[in-house]
Structure formats: structure tokens, C-alpha cells
Amino acid sequence: MDLATTLAQFNPHTTSPEQLAMQVAAWAEQAQKDAIKIALHDAEMHRKDTKIAALTLELAYHKRIKFCSTSEAFTAQQRDLFDETQETDLNAMQAELEQLASTPRVKNKPTGRKPLPAALPRIEHRHEPESCSCGACGQALVQIGEDITEQLDVEPARFFVQRHIRPQYACRQCETITAAAIPPSIIDGGLATPSLHAWVVIQKYQDHLPLYRIEQISARHGVAISRSTLAEWIGRIGVALHPLAERLSELLRQRQVLHADETPVPQLDPGKGKTKRAYLWAYRSNSLESGAPIVVFEFQSGRSGSHAQSFLTNWQGHLMVDDYGGYKHLFKQGITELACLAHARRKFFDLHAANQHPVAEEALQRIAQLYQLENEAAGYSREERQRWRAEHAKPRLEAMHLWLLNTRKTSAEGSALSRAIDYSLKRWPAILRYADSGHLPIDNNPIENAIRPIAIGKKNWLFAGSERAGKRAAAIQTLLATAKANGIEPFAWLKETLEKLPTCPNSRIDELLPLLT
């Protein structure tokens with residue numbers, strides 16, 4: 001009941017002072033609640049208006065860049081990749097605008113899309129209504145036609161068509177029509193099934209194929225899927241999957257021990273017709289702790305340590321990193337540094353590989369003993385591993401530290417040997433730290449293994465087409481890398497996720513994450 005109705009029913013002549021006081025207090029409380037609701041609504045509308053304005057401006061900028069003359073400076077291959085990135089970004093921004101506007105997508109006018117090849121096998125699915133009786137009068141329904149839609153589906157190296165037939169039934173008395181509902185999907189009314197969408201995503205982000213190559217692959221199978229269509233799929237799927245990647249980032253920051261590293265990624269600079277250096281920052285959970293492994297990638301325009309500080313805001317724990325100075329500020333804010341023994345080993349390995357240096361060989365042997373101890377403790381519990389390290393690893397580390405100090409006194413200043421020793425001595429407290437625990441990692445290899453496919457893929461896709469494309473790739477790579485770390489087949493997981501995502505509430509988003517439970 002609203003306030004106006006309550007006032008209209010209120011009679012002061014029949015109300016005691018106590019009742020009047022209670023009624024006034026109730027009105028004041030209701031008025032306060034209404035004011036809070038209005039303020040929250042106004043704040044949400046302002047947020048949406050601001051976001052819509054920013055997206056509209058970005059959309060206009062990308063449209064201008066797409067057709068400007070400077071883009072002609074690219075090579076043919078660069079132009080192809082630039083075009084598909086622009087098309088994908090435009091569709092992604094359009095999808096975000098539709099989400100903010102809370103209005104259904106307005107379907108474009110027919111564009112003369114070619115019918116699906118008749119030679120492809122058809123798998124028919126009949127969708128009958130839940131009841132063949134009229135819901136209004138109970139009379140039997142009479143079929144008057146069928147609504148037939150066809151979606152292109154794929155199995156690896158085999159295209160086929162999923163044919164959905166929904167009989168339409170009518171009630172002669174009520175003049176109503178009943179048919180099975182069309183399930184929601186990532187792209188309403190789209191040509192492709194979730195399986196085909198997943199295949200395209202895997203081809204692009206796990207097999208590192210540009211869209212023009214995927215277009216060529218489908219054409220070889222007699223199916224014409226234009227790059228603009230592929231770009232639309234990638235853009236809209238990227239927007240749909242982004243909340244899952246964000247949730248993985250939140251869960252990762254709940255862990256107490258993390259690995260971190262970064263790798264350069266060329267990013268296209270449309271205004272200059274060439275590339276500039278951006279970075280893909282990578283974070284991973286610790287394999288020696290409980291919980292499913294999580295890998296998170298974050299695309300940033302530079303290598304400034306402020307990017308790691310922003311990602312790890314308010315996080316406290318142990319962080320395993322290399323000697324890059326961008327992380328140093330984090331260790332002044334309560335985060336505990338862990339140093340990678342594999343990086344220290346690499347300095348001596350390079351020296352030994354160059355000239356078979358005997359001191360480097362001894363350093364490698366000492367480090368090999370430490371890794372052998374870790375292998376022997378692979379199946380131990382946290383408490384057992386801590387006792388094992390204290391008994392076996394820590395004495396060897398202390399002996400190695402003393403040996404390094406003595407060897408450094410006799411090594412020439414500025415020599416390769418002195419630089420290798422200085423690297424270890426400089427970071428020795430952080431290197432030694434793992435031996436006092438049963439759960440801290442010995443090196444940063446897990447995150448380097450997660451980054452390695454990205455480094456290999458750069459040889460194929462050459463560069464990120466835009467900052468938005470880089471962030472979209474980072475989000476999707478986060479999901480695929482996490483699935484791989486959990487031993488989950490990425491294509492099967494992604495196919496199932498794209499089927500469930502349109503109807504999954506935010507409160508159950510964790511059920512879709514590629515994590516072993």
C-alpha cells in the first residue's frame with residue numbers, strides 16, 4: 001500500500017496518540033526506504049548513461065578508424081587482421097550497449113544470406129508443446145503448420161545442419177496457436193549452434209588461427225562463413241564470457257600464494273599503420289595448495305608495475321616472480337616475495353653452456369639436488385613436506401649460500417660468473433623462503449608453462465588488433481588455460497557453457513567455471 005492510500009484511509013479522530021506516533025514513525029521509515037530506492041535507481045541510471053556515452057564514443061571512433069585512409073598503409077595480411085578485429089570490436093560494443101539498454105536486439109533486415117548447403121546431413125529435432133490441449137478451454141489442438149529453423153553445427157572436420165521442427169497447433173474455438181518455445185542463446189536467431197561457436201573460439205584462441213584462415217577451412221568443407229559473421233560471433237561470445245573470466249580473477253585473489261609473470265604482445269597501432277609493444281600479464285594459483293588451479297591473463301598497454309598493483313589491490317600473501325623491478329613496490333605493501341630457483345639456475349646454465357665453466361657446473365649440481373628432493377616429496381602432505389624440506393633442503397641451501405659467498409670473493413668483478421652469483425645472492429632470502437614451509441613453490445615454472453602457448457601463438461597471429469581485442473583474448477585465454485590446468489577438455493567445456501550461459505543466473509555462475517570440484 002502506498003503513502004497516498006494510507007493517508008486517505010487515516011482518521012485522526014479515531015486514532016490514539018500512541019497509534020498516531022507509531023503511524024508517523026512507519027511513514028518516516030517508508031519515506032526513508034523510498035528515498036534510498038530512488039537514490040540507488042538514480043545512481044544506476046547515471047552509471048548506465050555514462051557507460052552508454054563512453055561506448056557510443058568508442059563505437060564512433062572505431063567506425064572512423066575502420067574507414068580512414070591511414071589503414072591503407074597496412075600489408076594485405078595486416079589489413080585482413082585489422083578488418084576482422086574492427087568487425088569483432090564493433091559487434092562486441094553493440095552487444096554491451098544492448099545489455100545496458102535492457103532492450104532486445106533489433107534484428108537487421110534480411111541480407112540475402114545463402115541457404116545452408118542441401119548436401120549437408122540434417123539431424124531433425126521435433127519439439128512438441130507440453131500439452132496438446134488448449135490451455136484456455138481444454139479443447140484438443142489441431143496442427144496447422146510447422147516453424148522450421150536450421151542452425152549450422154560442426155564436429156571436428158565435419159559440418160552438418162541441426163534441423164529444429166516445432167509443430168504449430170491451433171485451437172479452433174479460441175483461435176490461438178501453440179508451439180514449443182525457442183530456447184535462448186548467446187546470439188538470438190543466429191546461424192550457428194553453441195558447438196560451432198565453441199569450435200570457432202577454440203580455433204582462434206587455442207589453435208591461434210586468424211579468422212580468415214577459419215573462413216578458408218570452412219570453405220574447404222563447402223560451407224561459406226564470412227569473416228564478418230565470424231567476427232560478430234567472436235565479439236558477442238567475448239562479451240558473454242567476460243563475467244566468467246572476472247569471476248576467476250576474484251577467486252584467484254582469494255588464494256594465499258600466487259605466481260606472476262608477463263610477456264610482450266605486439267598491438268596494432270591503427271593511426272600509424274604499425275605495431276607497438278603491449279603486455280599480457282599472467283597470474284596462477286599455487287599447485288601445492290588445496291583448490292582447483294586457476295590461470296588468469298590480463299592485457300595491458302605497458303609493463304609498468306602499476307598494472308600488477310592494480311590487479312592485486314588489497315591482496316596479501318606470497319608472490320612468486322622473477323627479478324623484474326615492476327614488482328618491487330608490491331613487496332613494500334605487505335606482500336611477501338618468493339624468488340624463482342629456476343631463474344637462478346638459468347644464469348649458471350647459460351654460463352656452463354657457453355664454456356663448460358666448472359663453477360657453473362657445481363652450481364647446477366647443487367640445484368639439481370634441491371629439485372630431486374622436491375620430486376621425492378611430490379606426494380607428501382603440507383606438514384610432511386615442511387619436515388622434509390627442513391631436514392634435507394634447508395641444510396643444502398645454507399651450504400650453497402656459504403659456497404656462493406666464498407666463490408664470489410675469488411671471481412672477477414663484472415665477469416659472467418660474478419653476475420650469475422650476484423643474481424642468486426641478491427635474492428637469497430626470497431629463494432630460501434620456500435624451505436621453511438610445506439606449501440610454497442620452489443620456482444615460477446607453472447606460470448611460464450601457462451604463458452608458453454601464447455608465445456608460440458604470436459608467431460601465427462602476429463599481433464593484437466586493438467586494446468579491446470587484447471582484453472577479449474586475455475579473458476578467453478583465462479578460461480581456456482584454466483580448463484587445461486584442471487584437465488578439462490576446452491571444446492567440450494565451452495560447448496556446454498555456451499548452451500547453459502543464456503539461462504544461468506549470476507548467483508550460479510560458479511557452476512559454469514572450468515574448475516574441478
Side-chain angles (χ1 to χ4, degrees), residues 83-99 101-118 120-125 127 146-156 158-166 179-205 209 211-212 214-215 217-219 221-244 472 475-476 479 491-504 512:
D83 285 345
E84 72 181 38
T85 295
Q86 288 295 309
E87 195 72 32
T88 303
D89 287 344
L90 291 173
N91 281 282
M93 285 182 277
Q94 189 63 44
E96 291 182 35
L97 283 171
E98 291 167 9
Q99 289 180 355
S102 300
T103 56
R105 179 189 179 194
V106 178
K107 294 184 179 180
N108 297 327
K109 296 181 179 180
T111 56
R113 186 174 67 190
K114 295 180 180 179
L116 296 173
L120 292 180
R122 258 68 175 174
I123 300 175
E124 293 192 351
H125 306 269
H127 305 274
E146 292 178 337
D147 177 25
I148 300 177
T149 58
E150 291 189 339
Q151 291 181 307
L152 186 64
D153 201 350
V154 65
E155 291 179 353
R158 185 172 80 94
F159 286 88
F160 56 94
V161 176
Q162 296 281 4
R163 187 178 179 89
H164 299 272
I165 302 173
R166 293 178 174 81
I182 299 175
S185 62
I186 297 294
I187 303 177
D188 291 332
L191 169 72
T193 65
S195 180
L196 181 56
H197 285 155
W199 178 77
V200 172
V201 171
I202 294 297
Q203 291 277 296
K204 179 172 175 60
Y205 292 105
L209 297 181
L211 294 186
Y212 77 87
I214 301 175
E215 180 185 34
I217 291 172
S218 62
H221 291 277
V223 179
I225 309 177
S226 67
R227 260 172 286 177
S228 61
T229 298
L230 294 171
E232 178 184 1
W233 294 351
I234 291 294
R236 292 183 173 274
I237 291 170
V239 171
L241 292 177
H242 190 264
L244 299 181
R472 177 172 53 248
I476 296 177
L479 298 168
F491 173 81
W493 168 80
L494 185 55
K495 174 181 177 294
E496 182 179 3
T497 298
L498 293 178
E499 291 172 348
K500 295 180 178 179
L501 192 57
T503 58
C504 180
L512 300 182

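Everything numeric here is computed off the predicted structure, so don't read it as measured data.
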> Would you call Glu98 and Arg236 a salt bridge, using N to O less than 4.0 angstrom?
Replying inline: yes

> If you take all heavy atoms of Thr503 and Pro184, which pair is closest and at what distance?
Replying inline: CG2-CG, 3.2 Å

> Where is the tightest heavy-atom contact between Ser218 and Glu215, given as atom of each residue plus distance?
Replying inline: OG-O, 2.9 Å

> Does any non-hydrogen side-chain atom of Glu146 lie less than 4.5 Å from one of Arg166?
Replying inline: no

> Considering only heavy atoms from C-beta outward, does the side chain of Ile123 approach that of Val161 to under 4.5 Å?
Replying inline: no

> Are side-chain heavy atoms of Arg472 and Val239 found at a separation under 4.5 Å?
Replying inline: no

> So do the side chains of Gln151 and Leu191 get within less than 4.5 Å of each other, counting heavy atoms only?
Replying inline: no

>> Let me confirm one number: the NE2-OG1 distance from His127 to Thr149, rounded to the nearest 0.5 Å.
In response: 7.0 Å

>> Looking only at the side chains, is there a donor atom on one of Thr193 and Ser195 sitting less than 3.5 Å from an acceptor on the other?
In response: no

> Shortest non-hydrogen contact from Pro121 to Arg158?
Replying inline: CG-NH1, 4.1 Å

> Nearest heavy-atom pair of Gly235 and Ala92: which atoms, and what distance?
Replying inline: O-CB, 3.5 Å

> Is there a side-chain contact between Val223 and Val154, using heavy atoms and a 4.5 Å cut-off?
Replying inline: no

>> I want to check something: taking the side chain as every heavy atom from C-beta on, are Ile234 and Lys204 in contact at a cut-off of under 4.5 Å?
In response: yes

> For the residue pair Trp199 and Phe159, does the interplanar ring angle fall in the parallel (under 30°), tilted (30 to 60°) or perpendicular (over 60°) class?
Replying inline: perpendicular

>> Let me confirm one number: the CD1-CD1 distance from Ile237 to Ile476, rounded to the nearest 0.5 Å.
In response: 7.5 Å

>> So which atom in Ala192 and which in Leu196 form the shortest heavy-atom distance, rounded to 0.1 Å?
In response: CB-CD2, 3.5 Å

> Is the backbone of Ile225 close enough, under 3.5 Å, to the side chain of Thr229 for a donor and an acceptor to pair up by distance?
Replying inline: no

>> Once rounded to the nearest 0.5 Å, what's the spacing between atom CG of Leu512 and atom CG of Leu494?
In response: 11.0 Å

> Which pair of heavy atoms, one from Ile186 and one from Pro502, lies closest together, and at what distance?
Replying inline: N-CG, 3.7 Å

> Is the shortest heavy-atom distance from the side chain of Leu501 to the side chain of Leu241 under 4.5 Å?
Replying inline: yes

> What do the steps show when you test Thr497 against Leu479 for side-chain contact (heavy atoms from CB on, under 4.5 Å), and what is the final call?
Replying inline: CA-CA 11 Å; Thr497 298; Leu479 298 168; over 6 Å; no

> Can you check whether Ile148 reaches Glu124 side chain to side chain, under 4.5 Å on heavy atoms?
Replying inline: no

> How many angstroms lie between CG in Asp153 and CZ in Phe160, if you round to the nearest 0.5 Å?
Replying inline: 4.0 Å

> Does the pair Lys495 and Val201 meet the rule for a side-chain contact (heavy atoms from CB on, under 4.5 Å), with working shown?
Replying inline: CA-CA 10 Å; Lys495 174 181 177 294; Val201 171; over 6 Å; no

>> What verdict does the side-chain hydrogen bond (donor to acceptor under 3.5 Å, both in side chains) test give for Gln162 and His125, after you've listed the backbone C-alpha separation in whole Å, the side-chain angles of each residue and the deciding distance to 0.1 Å?
In response: CA-CA 8 Å; Gln162 296 281 4; His125 306 269; 2.4 Å; yes

>> Parallel, tilted or perpendicular, judged at 30° and 60°: which one describes the rings of His197 and Trp233?
In response: perpendicular

